[in-house]
Every structure is written in C-alpha cells, then in structure tokens.
S.K.: 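Once you've had a glance at the structure underneath, I'll fire off some questions.
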Amino acid sequence: MTELTLRIQQGNTENTVEVKQDIFMIGRLPECDLCLPFGGVSRYHARLLKTPNEEWLLEDLGSKNGTVLNDRLVTKPQILQDGDILWLGNACLEAILRKKAPEISGSLSANLEQRTILRNVQQLKQRWLQPENPGEQNNDKNKDKTIARLKDLVDIAKNLSAATSIEEIFHQVQQVVFRYLQSIDRLALLIDLNGKGTPELVNAAARTRSQNHHLSADDTWISHSICEKVFEEKVAIQIADAQKDERFATEHSIVANDIRSAMAVPLWDESKVVGVLYADAHLSSYHWDEAGEEELSFFSALANIVASSVQRWLLAEKLKSEEIIRQRLERYHSPAVVQQLIEVGALGDGRLTPTESEISILFADIVGFTAISERLTPTQIAEMLNKLFEEMLQEIFAYGGTLDKYIGDCIMAFFGAPEPQSDHPERAVAAAQGMLNRLAQLNADHFWQEPLQLRIAINSGKAVVGDVGSSQRFEYTALGTTINLASRLESICPPGECVVSEVTYKMLKNPADFSEMGLYRFKGINRLVKVYQTRINSFESL
C-alpha cells in the first residue's frame, strides 16, 4: 500500500498532512479535506484520486489560477511521483510517497505505535560501538561493523575539533545525522547559552532534510516538553509515535506541527549538560522496533562528541565577550572592580542594568581653565588634560571609585556602585584628599608650565546608576538630584579645596577635617543647603 503525505510550505511556515481517503479535496473552503486559505486558491481548487493500482492522480477542478505540477500546468489528471512539487495559487505542496509497512495484528501493532525508549545516557555511551551479539565477538561481520563505527566516530570528532563557530559545528552534525538516520526530517541544536539551565535554539542551528534549508530561529516547532525532560533528567528519548504517547500527545507543538517520531539526547560534557540535540519527523518510525536502540545509541554517541565542541565554543565566546566587556568597563572602574563584576556574573549581556544605589558623587575641575586655555594651543590643552586626568584617576581607582565621565576640564566620579560600599563618603573624601595632595606634588615637580589647582565637591544620597543610552551607544552613568547638587556645590568651592554637603558631612566618621562654610541656595533646589569646606591645609597635614 502506498501512503501519500503532503508537505505544505507557505513563507517560513511548514506543515504536513496525511492523505487518508481515496478522494481528497483541496481548496479554500473549510469543508475541503485540505483547506488552504492562501492567495490564488479557489474554493474547490484540485483533488487527489487513488487508483486501484495504488497510484495517486492530481486533477485540477477548473480553478481560476490553475494547478501547476513541476512547473507544468495541469490540464488533465497527472500521476504523482515522490518528490513532486505542486503549486495551488501561492501555496506550495510537496508530495511524499512511501510504501506502507504490512499490517501487524492487534497488540503488537499497538506496541509499535506507542514504542518509546528512555535511556540514561551512561547506558548508551558505549552501546553503539559494541557488536549486536556480544557472544559472537569473533564474528568477522561484527568486527567489521565495529571498526567502521569507530572510524566514523574518529572522523566526526576530527571534523568537529576543527570547527570554530556554532555554524560549522552544526554543519558537521547535520551532514552526519541525515546520512545515517534516514527517518529524520528535521534537526536542531539547542544550547544553554547563558548557563541558566534553559537550552535555546541557536540561530542557524536548525535544518530540514527537504531542500536542506534553515528552519526559522523561532523554536515553536520544537517539542519543548521532550527537550526539557532530556536536559533536566539527563536521559535520551526516542519516540516512535509521539501522538500515541500520553506523556507528549497533548503538547501544542507536537499536535500543531504534526510531529510523529522524535529523538533527543543531552549534550553532556563530563558532568555538565550544555544543551540538547533534537530531531523529529512527520511519519511514525515503525522500524525502530528493530533498529531503534542502535540509532539512539549512535545519536547519543554523536551528542557526546558534539558536547565537547560546543563547550569549547561557549568558552571561547565567553572569553571574547569578557574581553570586550573588560575593555569597556576599565574606562570606568578599577581593574579589581571589573574582575569582581565578571566573576559574580553581574554583567549579563555586557550592560549593567540601571538600579537605585546609595552613592557619593565627586566633581573636580581645574581652577581658571578658561583663562589657561587662552594661553595654550588646542594640542597643548589636550596634552595637559590627558596628563592631569591620568594622575587624578589613579586616586579615584585607588579607593574603589567609578569614573562617570570627563566633562571638559571636569572629572565626574562616584563611590558606592556598581558594588555597594557602606563607607562611600569616606572613600570619596579620601580620594579628594589624594587628588589635592598628588596635584600639590606634581606642581612642586613642575608637572606643567604653570601650577594648577582643583576645586572638588562631594554630595551623598540616592541615585540611579547603570548603562543609559540607545542600542547604538550607551554609557555607564549616575542620574538624579544627588548628582545635580554636587555639580552646584563645585561652583562655590574655593580654589585648591574640597567642599561637602551636610548629608556627606554627617556620614563621615571623622568630620574634623571640615568646617561649616554656610547656607547656600542653588538654582533648581528649593531649599537652603548647608555646606562644609576643608580646613586650611587640613589635607596636607594628614
């Protein structure tokens, strides 16, 4: 008996329908045996007829746009061949003709249809390499088969070891799988990309046997209940007919995508599962009653080899990502802080999510910078700022501070984020002290053509800290009224000194270095602000 299955393709959508009656109507109306609600399809467009000789005929029913078979317009009934392509309007159908296995009686048939194998992967690890009959290990045929299998595994491992991208890895895998497992229609590689325990379909890592094209990156066609069981329980699964297995039959993806047979095995690299190798088909695999264990063992052995390649790729991608992140974040944080962020996994996709934090914000700018600029060329201005910023940043990083940005001649930095620091006011004041003392020493060593002075202002409080900007460009920064007040404070700071807000002053363990400067009103702040300044030469005396 010849079975006819129609594989339907519309855009990126693919589905299959089994033709179960001898007269099969196709058209736009719901009462048709196959309803195709696509452009160019007539209400009753075409029909399929089964002949007494077990052949299938395609007949056009006078449709408006005609029926095309292998690029030829159908004007009279045509005999279908396996692999024929049918066009009905904008709908493309592929005819799949297969000889149906002889009917098997009663309980045996039921057992085949519901046949599902679950194996611990340790049980399958060596099975594919073993002879089928252990008692006949001296049999030349078994020896030859075992040697052939070993050679294939060695070749597969060699090719995979040279793969440097996930696309190359999957290319090697799909070539091997489609060559050995003739009953498989679709193949996918799912990887736990972020180590979160949830394998995801990797872009360009899904293929169909038909036309060997990529499947959509949308993984809705995959049976997630099967993949989750494989991933979490470290078991290999082989299902001859998923729609007759009550554990999976009600899953939406299995019903909607007409999944019949499926195999899935974990990518197990030593003690860690890094993903799942998944394959399925639209027809039941009755031959698995005899060859199922062998095919599943091969699939599992292949997955073990693939796991090592995937693990290497994941490690390379992690190192590459960390290097990019490190280079970016070391502009803002000390190397020690960057290393800590990487180790605790706080970076996610390389961006730090804006969060509310308790911080101390520091502003420092050059006294009389405008007048100094008038006496210098643009190149000299850039040279002066680069040298000064390099020196001042060492003091900020020495106390675990974070560089927010350079604003002209001004340095904006904060303490208390991204890693919380309970003593952030102390750190900010210590950094200010270090900056003023370092600049005094630089001036004594004739660091520049003329002595330079700084004004430094510090305020403490809540702020939103994190990466802010568009997908094309973003920066790590602090936002909020705490920052605004610190910026205003800097404008009233005497040359060569540091001022702090009352909030910061009260948080210092030893505020003796500061004296009250007075009450001030600032633009945009509807209250008087008490300000404290450094006592004369108080920093130099420490």
Side-chain angles (χ1 to χ4, degrees), residues 1-10 13-27 32-36 38 41 44-61 63 66-104 109 112-113 177-187 207-213 215 221 239-244 257-263 279-291 295:
M1 181 181 292
T2 304
E3 287 185 332
L4 172 60
T5 301
L6 298 176
R7 178 178 280 128
I8 306 164
Q9 294 178 336
Q10 174 68 12
T13 303
E14 181 178 294
N15 201 358
T16 59
V17 174
E18 292 183 14
V19 179
K20 297 182 178 180
Q21 55 260 47
D22 293 346
I23 301 177
F24 191 81
M25 196 73 66
I26 306 174
C32 291
D33 299 308
L34 175 57
C35 177
L36 297 176
F38 306 135
V41 179
Y44 296 101
H45 197 109
R47 67 180 175 183
L48 299 168
L49 304 171
K50 190 174 185 180
T51 70
N53 296 327
E54 295 291 320
E55 292 180 327
W56 287 93
L57 298 177
L58 170 65
E59 180 183 10
D60 183 75
L61 299 177
S63 63
T67 301
V68 176
L69 174 63
N70 298 329
D71 298 326
R72 291 180 178 273
L73 188 66
V74 175
T75 56
K76 60 181 181 179
Q78 299 289 320
I79 298 175
L80 286 180
Q81 304 292 334
D82 183 44
D84 280 349
I85 301 299
L86 293 65
W87 281 95
L88 286 74
N90 295 334
C92 177
L93 291 74
E94 179 185 0
I96 302 171
L97 291 168
R98 294 184 182 176
K99 293 291 185 180
K100 185 177 180 181
E103 290 293 332
I104 303 174
S109 175
L112 288 180
E113 289 179 353
V177 170
F178 287 143
R179 183 170 74 246
Y180 275 93
L181 306 180
Q182 297 299 319
S183 59
I184 294 303
D185 288 337
R186 302 185 296 190
L187 178 70
R207 287 266 188 173
T208 64
R209 181 188 298 275
S210 173
Q211 301 178 9
N212 202 30
H213 67 275
L215 286 165
W221 60 273
I239 307 172
D241 195 330
Q243 297 191 19
K244 294 186 180 298
N257 295 292
D258 193 28
I259 296 173
R260 289 287 179 175
S261 54
M263 278 200 299
D280 66 24
H282 297 298
L283 296 177
S284 303
S285 293
Y286 298 109
H287 75 285
W288 280 347
D289 184 55
E290 296 181 357
E295 291 194 358

S.K.: Work out which heavy atom in Gln21 is nearest to a heavy atom in Trp56; give both atom names and the distance.
M.R.: O-CH2, 3.4 Å

S.K.: Flag yes if more than 12 heavy atoms outside Leu49 fall under 6.0 Å of its CG atom; otherwise flag no.
M.R.: yes

S.K.: Just do the side-chain contact (heavy atoms from CB on, under 4.5 Å) check on Thr16 and Asp185 with the steps written out, would you?
M.R.: CA-CA 11 Å; Thr16 59; Asp185 288 337; over 6 Å; no

S.K.: Can you name the closest pair of heavy atoms from Ala279 and Ile184 and give their distance?
M.R.: CB-CG2, 3.5 Å

S.K.: Within this structure, what is the CG-OG1 distance for the pair Leu69 and Thr75, rounded to the nearest 0.5 Å?
M.R.: 11.0 Å

S.K.: Walk me through whether Leu61 and Met25 qualify under side-chain contact (heavy atoms from CB on, under 4.5 Å).
M.R.: CA-CA 10 Å; Leu61 299 177; Met25 196 73 66; 3.3 Å; yes

S.K.: Show every donor-acceptor pair shorter than 3.5 Å between a side-chain atom in residues 78-89 and any protein atom, with sequence neighbours excluded, or say none if there are none.
M.R.:
residue	atom	partner	partner atom	Å
Gln78	NE2	Lys76	O	3.3
Asp82	OD1	Leu97	N	2.9
Asp84	OD1	Asn70	ND2	2.9
Asp84	OD2	Gln81	N	2.6

S.K.: Dump the intermediate steps for side-chain contact (heavy atoms from CB on, under 4.5 Å) on Thr67 and Ile26, then the final yes or no.
M.R.: CA-CA 11 Å; Thr67 301; Ile26 306 174; over 6 Å; no

S.K.: Please identify each residue that fulfils side chain to side chain donor-acceptor pair (under 3.5 Å) with Ser63, with sequence neighbours left out.
M.R.: His45, Asp60

S.K.: What do the steps show when you test Arg47 against Glu59 for salt bridge (charged side-chain N to carboxylate O under 4.0 Å, His left out), and what is the final call?
M.R.: CA-CA 5 Å; Arg47 67 180 175 183; Glu59 180 183 10; 2.8 Å; yes

S.K.: Take Arg98 and Thr5, measure what side-chain contact (heavy atoms from CB on, under 4.5 Å) needs, and give me the verdict at the end.
M.R.: CA-CA 8 Å; Arg98 294 184 182 176; Thr5 301; over 6 Å; no

S.K.: Enter the distance from Leu93:CG to Arg7:CZ here, rounded to the nearest 0.5 Å.
M.R.: 11.0 Å

S.K.: Would you name the heavy atoms of Glu18 and Phe24 that are closest together and state the gap between them?
M.R.: O-CE1, 4.5 Å

S.K.: State the CG-CG distance between Leu6 and Leu48, to the nearest 0.5 angstrom.
M.R.: 6.0 Å

